[in-house]
J.: 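Can you read through this structure? Questions will come right after.
The figures that follow rest on heavy atoms only: side chains count, while hydrogens, waters and symmetry mates do not. By convention in this document, chain letters (A, B, ...) are assigned in the order of the sequence lines, proteins followed by strands, and residues within each chain are numbered from 1.
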Number of protein chains: 2
Amino acid sequence: MTVASKTVSDVIHSHFGLLTRAEKQLAESLLDNYPVSGLGSITTIAENAGVSTPTVVRMVQKLGFKGYPDFQAHLHLEVEATISNPIAKHDRWAQNAPGTHILNRFADAIMGNLRQTLTDLDTATFDSVASLLSDRKRGLYFVGGRITGALAEYFFTHMQVIRPATTLLSSNSSSWPQYALNMNAGDILIIFDIRRYEQEMVSLATAARKRGAEIVVFTDQWGSPAAKLARHAFRVRIEAPSAWDSSVVTLFIVEALIEAVQNSTWDETKERMKTLEGLFEQTKLFRKPG
Amino acid sequence: MTVASKTVSDVIHSHFGLLTRAEKQLAESLLDNYPVSGLGSITTIAENAGVSTPTVVRMVQKLGFKGYPDFQAHLHLEVEATISNPIAKHDRWAQNAPGTHILNRFADAIMGNLRQTLTDLDTATFDSVASLLSDRKRGLYFVGGRITGALAEYFFTHMQVIRPATTLLSSNSSSWPQYALNMNAGDILIIFDIRRYEQEMVSLATAARKRGAEIVVFTDQWGSPAAKLARHAFRVRIEAPSAWDSSVVTLFIVEALIEAVQNSTWDETKERMKTLEGLFEQTKLFRKPG
DNA sequence: CATCCTCTGAAAAATTCTTTTCATGACACC
DNA sequence: GGTGTCATGAAAAGAATTTTTCAGAGGATG
């Protein structure tokens, strides 16, 4: 077999599973900012990847090249192809032209959403919410709708590891009143409510408010009716070239919040995570002894 | 004066009058197919231009470079500038926040992940998966782990609206064997398996394969062991300035897939969605008459 | 816990690349 | 034609890069 027709990137990917740790590290480094990162000398790229030069030699030989010079020659050809032919390989993500691949159009949209959302977002709001969520004395309740339920679950799963007293409400609204009953003053209800707002969210929010709970809402730019009852609201852009709305930026904020909370209570969290990991391991052992 | 701001091409042009015959010949050769022609060793470009290596050294020094390596380094930078990073690097995303605010750092990381993932991602893979999922004769099974379960659910919820025969496996692996039993040849198992890979995923994938199912895996750049059994694998970048991995880009691909599938079967989907919306409305009416 | 195996990088060896030196030849000017 | 200057490349010297060797680290296995 010859390496000719496939790109170096392809070859790396197809061999990725066979690579050792240091080699994977090197492959990462090469694919990062590919193919330019492979233009320098073997010494340079070894240093950039944090591995030794022999590792580079071994890997390129494993990939099927005669040696580093051979490897680099292929890379040069690709660079040439890429530069002299802008359509080749670089058509993805590049042009905004109509008819581009759905991935490109989506990427453009997401970029726009992210930028717009961050421009509108008050960092003070973000910081306040982060500090609210960091307060371990407050109970945390997560709820989402049909589509956003997954986001609520994602948030919940992480926060459950980080801190105690977290609860995920079923997306089925019939059980919500019971949860509301359990809320105490100072507890926090995190609501995900995006276009095609669920009517029951308002009832839930109202009930929670009556019990003295703080409310945080994730919604779109038009705003869930529940947002009016909220202490803090994140208005996220959700536009996508699709019949559906995009939750990507919402997830982005959720992840940033997770990190902010985790970071502000790291010492306590660390212990918790250790214990939890232990429990998971044990569960596995129980499940499949040996 | 430093060479920094001007391109190598500019420098050559501005010095062209001062060059000797052999040097002009060399300069021609370099400008022809610029800048790729300057990527090789000094020997190579000397040969290509039909001059001797000392001529090359003399010329690049005359142009103001320290030596050939210096000259080539500048060329590499230009190649990089020409090829890379279509996504503008933003110093600051959120307004009124220091560049080091977690939101800004997260935004940088996510954009890097997105860019890298799209660079590595083969659109053919994407299209193949989209067309697999569009085939309504195939049953669809979604499964995720502890953290990725939410992603599986998100994907599932949408696909359930778009097409029939979709199933979400519980994240609890004890029930997986039964699901595997139900799979038919041609069915598709969509696996989300990201760092801290779940051991049972491999068993599930193996069982599914035995039943003749196709496997699609969403994993990270290091690759779930289950990816080896998969027909198609998405290697998504998940790095974040956090103790946790980021699922944002994974969600991005999921959403793009949802749109691709929906789009390819829009007529059928439209009817389905209408009916479904009707059902949801009815449910609400039942629940809360009036 | 001993043994095997694989992976890894330090260091040496081999090779290639880069620069310098220098001899030759071309050309201009006296 | 003599002389000097400059351009040029062959070849040597010098410096790097690339490859190979090898020993130790670390992990798996019995």
J.: Listed by chain and number, what are the side chain to side chain donor-acceptor pair (under 3.5 Å) partners of A/Tyr68, not counting sequence neighbours?
T.: A/Gln72

J.: Counting only heavy atoms from other residues, nucleotides and ligands, does the tally under 6.0 Å from CZ of B/Arg138 exceed 12?
T.: yes

J.: Could you go step by step and tell me if B/Asn172 and B/Ser174 meet the side-chain hydrogen bond (donor to acceptor under 3.5 Å, both in side chains) rule?
T.: CA-CA 6 Å; B/Asn172 180 358; B/Ser174 58; 3.1 Å; yes

J.: In the structure I gave you, are the side-chain heavy atoms of B/Asp193 and B/Thr148 within less than 4.5 Å of one another anywhere?
T.: no

J.: Looking only at side-chain N and O atoms, does B/Ser52 come under 4.0 Å of OP1 or OP2 in D/dT8?
T.: no

J.: Can you pull the side chain to side chain donor-acceptor pair (under 3.5 Å) pairs that have at least one residue in residues 37-46 of chain B, sequence neighbours excluded?
T.: B/Ser41-B/Thr44

J.: For A/Pro69, what residues pass the side-chain contact (heavy atoms from CB on, under 4.5 Å) criterion, not counting sequence neighbours?
T.: none

J.: Any side-chain donor-acceptor pair under 3.5 Å between B/Ser247 and A/Tyr154?
T.: yes

J.: Which two nucleotides bound the region of DNA chain C that has atoms under 4.0 Å from heavy atoms of chain B, read 5' to 3'?
T.: C/dC17 to C/dT20

J.: Please name all residues satisfying ring pair (Phe, Tyr, Trp, His ring centres under 6.0 Å) with A/Phe156, sequence neighbours left out, ordered by chain then number.
T.: none

J.: With sequence neighbours excluded, tell me which residues meet ring pair (Phe, Tyr, Trp, His ring centres under 6.0 Å) with B/Phe218.
T.: B/Phe192, B/Phe234

J.: Filter on salt bridge (Lys or Arg N to Asp or Glu O under 4.0 Å), then keep only pairs touching residues 56-67 of chain B, sequence neighbours left out; what's left?
T.: B/Glu23-B/Lys62

J.: Applying salt bridge (charged side-chain N to carboxylate O under 4.0 Å, His left out), can you list everything that pairs with B/Asp187, at least two apart in sequence or on another chain?
T.: none

J.: Mind listing the N/O atom pairs, protein and nucleotides 23-25 of chain D, below 3.5 Å?
T.:
none

J.: Each nucleotide N or O in nucleotides 15-19 of chain D that has a protein N or O under 3.5 Å away: list the pair and distance.
T.:
residue: D/dT18; atom: OP2; partner: A/Ile42; partner atom: N; Å: 2.4
residue: D/dT19; atom: OP1; partner: A/Tyr68; partner atom: N; Å: 3.2
residue: D/dT19; atom: OP2; partner: A/Tyr68; partner atom: N; Å: 3.1

J.: Can you pull out every salt bridge (Lys or Arg N to Asp or Glu O under 4.0 Å) where at least one residue sits in residues 225-241 of chain B? Sequence neighbours excluded, please.
T.: A/Glu28-B/Arg237, B/Asp120-B/Arg237, B/Glu214-B/Arg231

J.: Pull out every residue in residues 21-30 of chain B that has a heavy atom closer than 4.0 Å to any atom of DNA chain C, ordered by number, or say none.
T.: none

